Amino acid sequence: MIAFVSGPVAALAPDSAVVEVGGIGIAVQCTPNTLSGLRLGRQTKLATSLVVREDSLTLYGFADDDERQIFELLQTASGVGPRLAQSMLAVHSPDALRRAVATGDEKALTAVPGIGKKGAQKLLLELKDRLGEPVGVPAAAAPAASGWRDQLHAALVGLGYATREAEEAVAAVAPQAEATGGTPQVGALLKAALQTLNRAR
C-alpha cells in the first residue's frame, strides 16, 4: 500500500499529475479540485490509494487523508468503483458527501455524472452508516464566491496555459459560476474551462 507520494510536480494533465519521487515519476489520478492546488516544479504531498486490477495498477491521489478515506469508503457500496468514487469527489467535497448521505439528499448524488435516481437511492441506503457525520464548516460559512476566479486562473496557469488563455477561459465559464448562486465548485469550473480551451485549440 502506497499511503502518500511526496516530491516536485513533474507534469500536470486534466485528470492526473506526475510526482517525482526519488528520481522516478509516479503518475497519480486526481480530481480537478486536487489538481487546482498543484503547480509544476513545486513540492507537493498527496495522500494516495492504490487500486489493483488484473491488468493494471492505478494510483489515485488526494489533497488530504480525509478525501482518501471517503474515496475508499464510497467503494464499499455495490456498483461503486474507483472512477465513480473519484467523480463523486470531483463534484462534492468529503463533507458535502457526508451531508448528502446524512440528510438523504438524492439530488446532490444525481448531480454526479453516472448516478441516476435509482442509483442515488441505493447509495443513500448503503452509505448511511459508513461515511460518518460532517466534520468541517457548513457550506454557508465557506469563503466568498469571488475567490473562485483567482483559484481557477491559478489552476489553469499551473497546468501550463498562458495567462491570456487562462483569463479567456475564466471569462467563458463565469456565467456558469454565477448561475450557481452560492459558492461555485472550482473543480467543476476547471473541467468546463479545460473543455473551452480544448475547443479553442
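Below, all heavy atoms of this structure are taken into account, side chains as well, without hydrogens, waters or symmetry copies. Everything quoted here is computed from the prediction, not taken from an experiment.
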Take V112 and L84, measure what side chain to side chain contact (heavy atoms under 4.5 Å, CB included) needs, and give me the verdict at the end. CA-CA 9 Å; V112 178; L84 184 55; 4.3 Å; yes
Non-hydrogen atoms of P32 and L190 that approach each other most closely: O-CD2, 3.5 Å
Would you say the side chain of L123 lies within less than 4.5 Å of the side chain of M88, judging by non-hydrogen atoms? yes
Which heavy-atom pair separates A174 from R149 by the least distance, and what is that distance? CB-NH2, 3.8 Å
Side-chain heavy-atom pair L189, Q176 within 4.5 angstrom cut-off: yes
Side chains of E67 and T34: is there a donor and an acceptor less than 3.5 Å apart? yes
Contact check, side chains of K122 and S78, non-hydrogen atoms, under 4.5 Å: yes
Within a strict 4.5 Å, meaning less than it, do heavy atoms of the P82 and T58 side chains meet? no
Could you measure the distance from the CG atom of D64 to the CD atom of Q69? Nearest 0.5 Å is fine. 10.0 Å
With no hydrogens and no angle check, is any side-chain donor or acceptor of T48 less than 3.5 Å from a backbone partner on F4? yes
For residues R68 and D65, determine if any side-chain heavy atom of one lies less than 4.5 Å from a side-chain heavy atom of the other. yes
L127 versus L73, closest heavy-atom pair with distance: CD2-O, 3.9 Å
Looking at P175 and A172, what are the two nearest heavy atoms and their distance? CD-O, 3.5 Å
Decide whether V51 and V5 are clustered together by the hydrophobic rule: side chain heavy atoms of Ile, Leu, Val, Met, Phe, Trp, Tyr closer than 4.5 Å, transitively. no
Is there a path from L50 to I26 through hydrophobic residues (I, L, V, M, F, W, Y) whose side chains come within less than 4.5 Å of each other? yes
Check: E106 and L124 side chains under 4.5 Å, non-hydrogen atoms: yes
Which heavy-atom pair separates G37 from R39 by the least distance, and what is that distance? C-NH1, 3.9 Å
Where the side chain of T76 meets the backbone of E72, is there a donor-acceptor pair that is under 3.5 Å apart? no
Transitive ILVMFWY side-chain link V21 to L46, under 4.5 Å: yes
Validation row: L89, N33 side chains within 4.5 angstrom (heavy atoms): no
Find out if a path of hydrophobic residues (ILVMFWY) with successive side-chain heavy-atom gaps under 4.5 Å connects V9 to I24. yes
Establish whether V19 and L57 are linked, either directly or via other cluster members, by ILVMFWY side-chain heavy-atom contacts under 4.5 Å. yes
All heavy atoms of L35 vs all of A17, minimum pair found to be CD2-CB, 4.0 Å
Does a sphere of radius 6.0 Å around CZ in R83 hold more than 12 heavy atoms from other residues, nucleotides or ligands, not counting ones at 6.0 Å or beyond? no
Could you state the interatomic distance from SG (C30) to CZ (F62), rounded to the nearest 0.5 Å? 8.0 Å
Between R98 and I70, is any pair of side-chain heavy atoms under 4.5 Å apart? yes
